Amino acid sequence: MSQMEKIAALIVAAGGGTRMGGGVPKQFRDLGGRPMLAWSHEALRTHPAISTVLTMVAADQIDVARSLLPDAQVAPGGASRRESVAKGLRQLALEGVTKVLIHDAARPFLSHDVIDRVLAGLASADGAMPVLAVADTLARNADDVLGEIVPRDGVVRVQTPQGFHMQAVIAAHAAWPAEAEATDDAQMVRRLGGRVALVQGDAMLEKITYPDDMAGADMRLAWETRTAMGFDVHRLEDGEELWLGGVLIPHHQGLSGHSDADVALHALTDALLGTIAAGDIGTHFPPSDPQWKGAESGQFLQHAAKLIADKGGRIDFVDLTIICEAPKIGPHRAAMVARIAELLQIDQSRVSLKATTTERLGFTGRGEGIATQAVATVRLPGGAQA
């Protein structure tokens with residue numbers, strides 16, 4: 001890259017996503033634990049050749065976009081895709097940008113390899129865009145009856161990001177008829193006589209348009225499965241309430257601890273924290289801190305679940321084994337399962353809770369305390385699967 005060269009990316013995310021349905025624009029919908037828009041934004045933002053990423057969104061979605069991508073540079077788009085791009089180009093031109101990559105937010109799984117190929121294509125052309133060969137037979141629809149076959153030789157599927165020298169794409173927009181719409185910017189540059197190079201695209205760049213496309217995109221994510229274990233013990237004492245699994249259980253003794261001493265939720269919290277290597281419950285809620293004295297342990301569990309959710313993770317299954325001689329866990333099992341599922345916002349079928357004794361051996365056998373072992377399995381998105 002020359003010393004005077006400045007490369008920017010322009011993400012078009014101002015559409016209403018009406019074909020997706022559901023009321024929420026598709027670019028803001030959750031995909032692997034983060035908004036769809038965030039995937040391509042991250043790919044462009046972290047590419048070493050790109051200095052600026054500008055995202056064009058609908059004027060009434062500015063606040064939403066800023067809340068979802070607080071570090072992103074966003075600006076209001078226009079009534080059409082073409083107008084949104086034109087507004088973005090004008091802003092980038094004022095910043096001294098010499099080359100620009102224009103990308104559709106509905107193509108989330110963008111790789112640095114594709115970006116590299118597009119930028120390389122600009123070395124010998126006014127523009128460059130990724131394409132894929134057409135493998136399927138193409139035919140015309142004649143009133144829902146098979147029409148003529150369309151030869152696929154020389155036909156390609158066009159993707160984004162499309163890269164351009166700024167002068168070429170700005171001139172193409174200026175010369176484009178105001179009454180006409182263009183589905184992409186490459187055809188605008190070509191109409192003005194510009195040369196657009198074709199580079200190898202990526203099957204991961206499938207455009208998300210319809211509801212079924214979201215399910216397909218989710219399947220392309222490279223989910224990483226992690227399992228971790230937690231273990232906790234609390235002493236049984238007179239004059240204390242007995243909280244287990246988020247449920248108050250009638251008993252002549254309760255568990256002693258700085259919080260409500262819910263040994264089941266503590267063990268499960270540690271298991272969840274372990275799946276993301278985030279330390280243990282004492283790291284986040286130190287027993288030396290007076291604000292946690294008598295605190296409900298459900299908030300500790302929800303904190304661990306939120307940390308997983310913030311990473312785009314999903315809790316697949318949790319399993320708890322409560323170890324004690326008394327009280328009997330069976331009569332309270334259903335209530336505990338329901339409460340844990342509620343706290344974690346997962347289905348009850350994903351919560352397993354068992355109880356066992358130590359045949360009167362050890363501290364639990366003598367009725368001095370209660371122990372719990374917990375195992376949690378979560379999935380974390382590792383990126384788009386090639």
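These numbers were taken from a predicted model, which means no experiment stands behind them.
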Colleague: Do the side chains of Glu95 and Thr52 get nearer than 4.5 Å, heavy atoms only?
Modeller: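 Yes. Closest side-chain heavy atoms under 4.5 Å.
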
Colleague: Mind checking the CD1-CG spacing from Ile340 to Leu353? Nearest 0.5 Å is all I need.
Modeller: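 Ile340 CD1 to Leu353 CG: 5.5 Å, rounded to 0.5 Å.
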
Colleague: Would you tell me whether Asp238 and Gln253 have side-chain atoms, one donor and one acceptor, within less than 3.5 Å of each other?
Modeller: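 Their side chains do contain a donor-acceptor pair, which is all the 3.5 Å distance test asks for.
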
Colleague: Taking NZ, NE, NH1 and NH2 as the nitrogens, is one of them in Asp136 or Arg152 under 4.0 Å from a carboxylate oxygen of the other?
Modeller: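 Result for this pair is no, no salt bridge flagged.
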
Colleague: Looking at Arg379 and Asp316, is any side-chain nitrogen of the basic one under 4.0 Å from a carboxylate oxygen of the acidic one?
Modeller: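 Here Asp316 pairs with Arg379 in a salt bridge, since their nearest N and O are under 4.0 Å apart.
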
Colleague: Check this for me, if you would: do Arg81 and Glu83 make a salt bridge, where the nitrogen-to-carboxylate-oxygen distance has to be below 4.0 angstrom?
Modeller: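 No, this pair does not count.
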
Colleague: Would you check if the side chain of Gln162 reaches a backbone N or O of Ala186 as a donor-acceptor pair within less than 3.5 Å?
Modeller: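 Indeed, once roles are kept as given, a pair shorter than 3.5 Å links the two residues.
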
Colleague: For Arg107 and Glu206, run salt bridge (Lys or Arg N to Asp or Glu O under 4.0 Å): C-alpha distance rounded to whole Å, both residues' side-chain angles, the deciding distance at 0.1 Å, then the answer.
Modeller: CA-CA 6 Å; Arg107 300 181 189 271; Glu206 292 288 344; 5.9 Å; no

Colleague: Calculate, to the nearest 0.5 Å, the distance between atoms CZ and CD1 belonging to Arg45 and Ile50 respectively.
Modeller: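 Arg45 atom CZ to Ile50 atom CD1 measures 11.0 Å (nearest 0.5 Å).
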
Colleague: Walk me through it: do Thr372 and Asp232 pass the test side chain to side chain donor-acceptor pair (under 3.5 Å)?
Modeller: CA-CA 6 Å; Thr372 299; Asp232 198 31; over 6 Å; no

Colleague: Starting from Leu94, walk the hydrophobic network (Ile, Leu, Val, Met, Phe, Trp, Tyr; side-chain heavy atoms closer than 4.5 Å) and list everyone else you reach, by chain and number.
Modeller: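 None, because no other hydrophobic side chain comes under 4.5 Å of this residue.
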
Colleague: Quick one: CG on Leu242 to CD1 on Ile370, what's the gap to the nearest 0.5 Å?
Modeller: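 Going from CG on Leu242 over to CD1 on Ile370, the span is 5.0 Å.
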
Colleague: Flag the pair Pro35 / Leu69 as yes when at least one side-chain heavy-atom distance between them is below 4.5 Å, and no otherwise.
Modeller: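 A side-chain contact is absent here, since even the closest heavy-atom pair is not under 4.5 Å.
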
Colleague: Taking ring pair (Phe, Tyr, Trp, His ring centres under 6.0 Å) as the definition, give me every residue that meets it alongside His266, ordered by chain and number, with sequence neighbours left out.
Modeller: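 If we apply the ring pair (Phe, Tyr, Trp, His ring centres under 6.0 Å) test to His266, skipping adjacent residues, the hits are His234, Phe300.
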
Colleague: Give, for atom OG of Ser111 and atom CZ of Arg117, the distance between the pair rounded to the nearest 0.5 Å.
Modeller: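 Answer rounded to 0.5 Å: 6.0 Å.
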
Colleague: Testing Val131, Val150, Leu138 one by one against Val155 for a side chain to side chain contact (heavy atoms under 4.5 Å, CB included), which residue passes?
Modeller: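 Passing option: Leu138.
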
Colleague: Which pairs with one or both residues in residues 111-168 pass ring-ring contact (aromatic ring centres under 6.0 Å, His included), sequence neighbours excluded?
Modeller: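 Every pair satisfying ring-ring contact (aromatic ring centres under 6.0 Å, His included) with a residue in residues 111-168: His47-His112.
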
Colleague: Between Thr46 and Glu42, is a side chain to side chain donor-acceptor pair (under 3.5 Å) present by the stated rule, with each step listed?
Modeller: CA-CA 6 Å; Thr46 58; Glu42 179 72 5; 4.9 Å; no

Colleague: Can you list every pair that meets ring-ring contact (aromatic ring centres under 6.0 Å, His included) and has a residue in residues 57-103, with sequence neighbours left out?
Modeller: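 Residue pairs with at least one partner in residues 57-103: there are none.
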
Colleague: In plain terms, say whether Glu296 and Arg339 are close enough for a salt bridge, that is, a side-chain N and a carboxylate O under 4.0 Å apart.
Modeller: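 Answer for the salt bridge query: yes.
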
Colleague: Considering residues, nucleotides and ligands other than Gln167, do more than 12 of their heavy atoms fall under 6.0 Å from its CD?
Modeller: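 No, CD of Gln167 has 12 or fewer neighbouring heavy atoms, counting only those of other groups under 6.0 Å.
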
Colleague: Is it true that Glu181 and Arg82 have a side-chain N and a carboxylate O under 4.0 angstrom from each other?
Modeller: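 Salt bridge flag = yes for Arg82 with Glu181.
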
Colleague: Could you please spell out the steps behind the side chain to side chain donor-acceptor pair (under 3.5 Å) verdict for Lys6 and Ser51?
Modeller: CA-CA 7 Å; Lys6 183 175 182 180; Ser51 60; 4.8 Å; no

Colleague: My understanding is that a hydrophobic cluster links ILVMFWY residues whose side chain heavy atoms are under 4.5 Å apart, including indirect links. Using that, what else belongs to the cluster containing Trp176?
Modeller: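 Joined to Trp176, directly or through intermediates: Met188.
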
Colleague: Give a yes-or-no answer on whether the side chains of Asp319 and Ser352 include a donor-acceptor pair shorter than 3.5 Å.
Modeller: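 The answer is yes; a qualifying pair exists.
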
Colleague: Who pairs with His303 by ring pair (Phe, Tyr, Trp, His ring centres under 6.0 Å), at least two apart in sequence or on another chain?
Modeller: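 His284, Phe285.
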
Colleague: Strictly distance-based, threshold 3.5 Å: is any side-chain N or O of Gln159 a donor or acceptor partner for the main-chain N or O of Asp202?
Modeller: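 Judged by distance alone, yes, a pair lies under 3.5 Å.
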
Colleague: More than 12 non-hydrogen atoms from neighbouring residues, nucleotides or ligands closer than 6.0 Å to CG on Asp63, yes or no?
Modeller: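 Incorrect, the count does not exceed 12.
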
